[in-house]
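What follows is a single structure, written as structure tokens, with notes after it.
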Amino acid sequence: MSPNVEGPTHASAPSEPAVLSAPISAAYSYCEAVTGIQARNFAYGIRLLPTDKRQAMSALYAFSRRVDDIGDGTLPADAKLVRLEETRALLGRIRAGEIEEDDTDPVAVALAHAARRFPIPLGGLDELIDGVLMDVRGETYETWDDLKAYCRCVAGAIGRLSLGVFGTAPGAADAARAPEYADTLGLALQLTNILRDVREDAGNGRTYLPAEDLAKFGCSDGFHTDRAPAGADFAGLVHHEVRRARALFVEGYRLLPMLDRRSGACVAAMAGIYRRLLDRIEREPEAVLRGRVSLPTHEKAYVAVRGLSGLDARTISRQSTRRRS
């Protein structure tokens, strides 16, 4: 699946009045509350953005969370399919400009307003729905290429949606490749998520890691206890996937020098948190079988400050320059 480069990559100036109406302001407040409660890693990044971009990112997250919650919920599969298609229909109404500011759905109101403010490629949310449909249907993945197609739907698309809000900085070199790098960075984050949640996903009857990798390291029986399967090289499997995720991060981080300072800080903070999670998983692979690996608050704050300083963006820019020379 190739990246969907829908719409321009430069964020246009907001066309809406600077002072928001009460219903739209309330809709954004609702989305920001959802984001703050349910996506703390994500929230650490977007708090570094100016208000209009932070609001738009919160609206994107709240809609995406709704889709994910359908897939992860307890409804029967047939009911989930119906709910997902209803959500796709709502997205169609947002895309068609049919949502009024007094609509009773605050997420729809906020996302519709954000889509007027910024050139957000809303087709990426259709891809997210497609990815969650794969979950509902219980699809498994034989190869990395198979899993990559799924990851592009549920995470690469979010990277490209976010780029619609961020835009690229004026004069950024090679900016035409920004959607590709945003997509790749999304894959890196999603593969890290898959490693972190391998035990939880197994408990929910889901296996994401490629079957050929599981077989290679003797892990085809799955991960249903706090210990690796007998005779398996679980550490070898994890280190194999960590190397894959690191290569994706290296490629995806080429996006950072293309962004303005605060957008770059946002991306650096979110990606930096996940890279540190990856470091922890690499150091102690079996930790993911005992519970969810996470970072303490002070470490997340450090990563956010590092992103705001522009240190990560400057480092990546120097590395990219060396590669081109």
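Under the rule for a salt bridge (Lys or Arg N to Asp or Glu O under 4.0 Å), the partners of Asp72 that lie at least two apart in sequence or sit in another chain are Arg206. Checked against side chain to side chain contact (heavy atoms under 4.5 Å, CB included), Phe217 has the following partners two or more places apart in sequence or in another chain: Cys219, Asp233, Leu237, His240. Legend: residues meeting salt bridge (Lys or Arg N to Asp or Glu O under 4.0 Å) with Asp197, ordered by chain and number and at least two apart, are Arg292. Partners of Pro50 according to the side chain to side chain contact (heavy atoms under 4.5 Å, CB included) rule, which considers only residues two or more places apart in sequence or in another chain, are Asp52, Lys53, Arg262. Residues satisfying the side chain to side chain contact (heavy atoms under 4.5 Å, CB included) test with Ala27, not counting sequence neighbours, are Pro106, Val109, Ala110. With sequence neighbours left out, Tyr30 forms a ring pair (Phe, Tyr, Trp, His ring centres under 6.0 Å) with no residue at all. Lys148 is linked by a salt bridge (Lys or Arg N to Asp or Glu O under 4.0 Å) to Asp145, counting only residues two or more places apart in sequence or in another chain. Evaluation of the ring pair (Phe, Tyr, Trp, His ring centres under 6.0 Å) rule for Tyr274 yields no partner, not counting sequence neighbours. Partners of Arg244 by salt bridge (Lys or Arg N to Asp or Glu O under 4.0 Å), not counting sequence neighbours, listed by chain and number: Asp213, Glu241. Under the side chain to side chain contact (heavy atoms under 4.5 Å, CB included) criterion, Arg83 pairs with Ile70, Leu75, Glu86, sequence neighbours left out.
Scanning both residues, Pro179 and Leu163, for their nearest heavy atoms gives N-CD2, 3.5 Å. Smallest separation of non-hydrogen atoms from Tyr141 and Asp146: CD2-O, 3.6 Å. Here the shortest heavy-atom pairing between Thr192 and Ala245 reads OG1-CB, 4.3 Å.
Electrostatic pairing of Glu127 and Arg152 does not count as a salt bridge here, judged by no charged N lying under 4.0 Å from a carboxylate O.
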Exercise answer: donor-acceptor pairs, residues 281-288 side-chain atoms, under 3.5 Å, sequence neighbours excluded:
unit_1, atom_1, unit_2, atom_2, d
Glu282, OE1, Arg246, NH2, 2.8
Glu284, OE2, Arg290, NH2, 2.3

Arg66 and Asp105: CA distance, side-chain angles, deciding distance, salt bridge (Lys or Arg N to Asp or Glu O under 4.0 Å) verdict: CA-CA 12 Å; Arg66 178 178 295 181; Asp105 185 337; 2.7 Å; yes

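Under the 4.5 Å side-chain criterion, counting only non-hydrogen atoms from C-beta, Leu60 is in contact with Leu125. Between Tyr208 and Gln190, the closest side-chain pair of non-hydrogen atoms is not below 4.5 Å. At least one side-chain heavy atom of Phe166 sits less than 4.5 Å from a side-chain heavy atom of Leu49.
For the residue pair Glu251 and Thr184, no side-chain donor N or O sits within less than 3.5 Å of a side-chain acceptor on the partner.
Residue pairs meeting the ring-ring contact (aromatic ring centres under 6.0 Å, His included) criterion with at least one partner in residues 45-70, sequence neighbours excluded, are Phe42-Tyr61.
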